There are 2 protein chains.
Amino acid sequence: MTGRQQLDDIDLRILSELQRDGRIRINELAARVGITAPPCLRRVRTLQRSGAIRAIRAALDERRLGYEVTTFVLIQLESQTLPVIEAFEAAIAAVPRFLQCWRISGDADFMLRCVAPDVEDMRQQLLQFAALPNVRKIRSFPVLGVSKDAPLPIPGHRPTPD
Amino acid sequence: MTGRQQLDDIDLRILSELQRDGRIRINELAARVGITAPPCLRRVRTLQRSGAIRAIRAALDERRLGYEVTTFVLIQLESQTLPVIEAFEAAIAAVPRFLQCWRISGDADFMLRCVAPDVEDMRQQLLQFAALPNVRKIRSFPVLGVSKDAPLPIPGHRPTPD
DNA sequence: TGTGAAAGAAAGTCCAT
DNA sequence: ATGGACTTTCTTTCACA
């Protein structure tokens, strides 16, 4: 929206650094990208306003917060008409433990990521959803572990090794 | 590992705030959770060292960086022996556009999230992988859009409305 | 857009509680 | 573990190239 549409080389480096460490000091960031702090601060703000930086947030350890179980869920609805889809999205929006939901194509209509304190709790969450109107099929994929979690590759910028 | 194992109420509020805004000032954060800056800073550091805060990073707009296409991929291997699994994980680790990979159970062995500049590029990435040894079956689910993306619910703490 | 300087604000340290 | 007072360091504004 607001701000530069074209990201220049310095912008890309700023994005790369902020993706690595979102709490980096403007000073340090400026030094790393080769400018001084004032224009660096302006660029960061522009990148935020323009939406290139969507958010800067802490990623928490879900287990430490009592969520021991994560499951991906594929959901197929009875129909793909707008009212049915919107009703489903509204139902999902109301359940705090369905953290993410993507509209997909392929062999299902939605992909969900769901967390729960334990397997029994997860089972009950999913049973409730299987009972929703217009839900034709649910397949769930319990997460055994994370094999990879990499940052978005920034064109022309290998992540700085700290 | 290091630090308090038990998160107290103030810790939970800190986590909640940092999940909302990872660049919040220590001062502001301290005021929100009802303590002064010095102990607040110590708590944040402890939470980071202990791993409760895994990272604080910028979430970038993938489209603005030239990745127009996202796909989830379910992969089933020929066998689930350790060498086969580890070889697959190593292959995934080497491909920058496979951002996330989860080891799962259910009807497949891995779930991947893959990004690409366009559909043709994505097609080629996936074709390469279908050709890998020990890959029995690939099902892909192109992402049409994000329906929901919510923070992890912190027990006893409704997210602060800014 | 960029820089340097200066005011203002925040982070980080120390110590008493 | 906390909070007050202090020192150091950073952020932010401004004038100007």
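Below, chain A is the first sequence line, B the second, and so on; all start at residue 1. These values consider heavy atoms only, across backbone and side chains, with no hydrogens, waters or symmetry-generated copies. Remember, it's a predicted structure, so these values are computed and weren't measured experimentally.
- Using a 3.5 Å distance cut-off with no hydrogens or angles, the side chains of B/Gln124 and B/Gln128 do not pair a donor with an acceptor.
- The six-membered or imidazole ring of A/Trp102 lies away from that of A/Phe110, with a centre-to-centre distance of 6.0 Å or more.
- Look at CD on A/Glu28: it is 17 Å from C1' on C/dA10, rounded to the nearest Å.
- In the hydrophobic clustering of ILVMFWY residues, with side-chain heavy atoms under 4.5 Å counting as a link, A/Leu29 and A/Ile35 come out together.
- For D/dT12, one of the phosphate oxygens OP1 or OP2 lies less than 4.0 angstrom from a side-chain nitrogen or oxygen of A/Arg45.
- In this structure, B/Asn27 reaches the sugar-phosphate backbone alone: every heavy-atom distance under 4.0 Å involves primed, P, OP1 or OP2 atoms, never a base.
- Residue A/Ile24 is out of contact with every strand shown, counting any heavy-atom pair closer than 4.0 Å.
- Projected onto DNA chain C by closest heavy-atom contact, B/Ala37 and A/Cys40 fall at different nucleotides, the more 5' of which corresponds to A/Cys40.
- One interatomic measurement links the two molecules: CG of A/Leu41 to P of D/dT12, which rounds to 5 Å at whole-angstrom precision.
- A/Arg42 places its CZ atom 14 Å from the P atom of C/dG4, with the value rounded to the nearest Å.
- Distance CZ (B/Arg43) to C1' (D/dT2): 9 Å, rounded to an integer number of Å.
- Checking C/dT3, D/dG3, C/dA11 against the side-chain heavy atoms of A/Arg23 singles out C/dA11 as nearest.
- Not one side-chain nitrogen or oxygen of A/Thr36 sits closer than 4.0 Å to the OP1 or OP2 atom of C/dG2.
- Distance CG (A/Leu47) to C1' (C/dT1): 14 Å, rounded to an integer number of Å.
- We find the CZ-CD distance between A/Phe72 and A/Gln100 to be 8.0 Å, quoted to the nearest 0.5 Å.
- Considering only side-chain N and O atoms, A/Arg25 lies nowhere under 4.0 angstrom from the phosphate OP1 or OP2 of C/dA9.
- For the atom pair CG (A/Asp109) and CD (A/Glu78), the distance works out to 10.0 Å, reported to the nearest 0.5 Å.
- When the nearest nucleotides of DNA chain C are assigned to B/Ile26 and A/Gly34 by heavy-atom distance, the more 5′-ward of the two goes with A/Gly34.
- Between B/Gln48 atom CD and C/dG12 atom P the separation is 10 Å, expressed in whole Å.
- Rounded to an integer number of Å, the gap from CG of B/Asp8 to C1' of D/dA1 is 10 Å.
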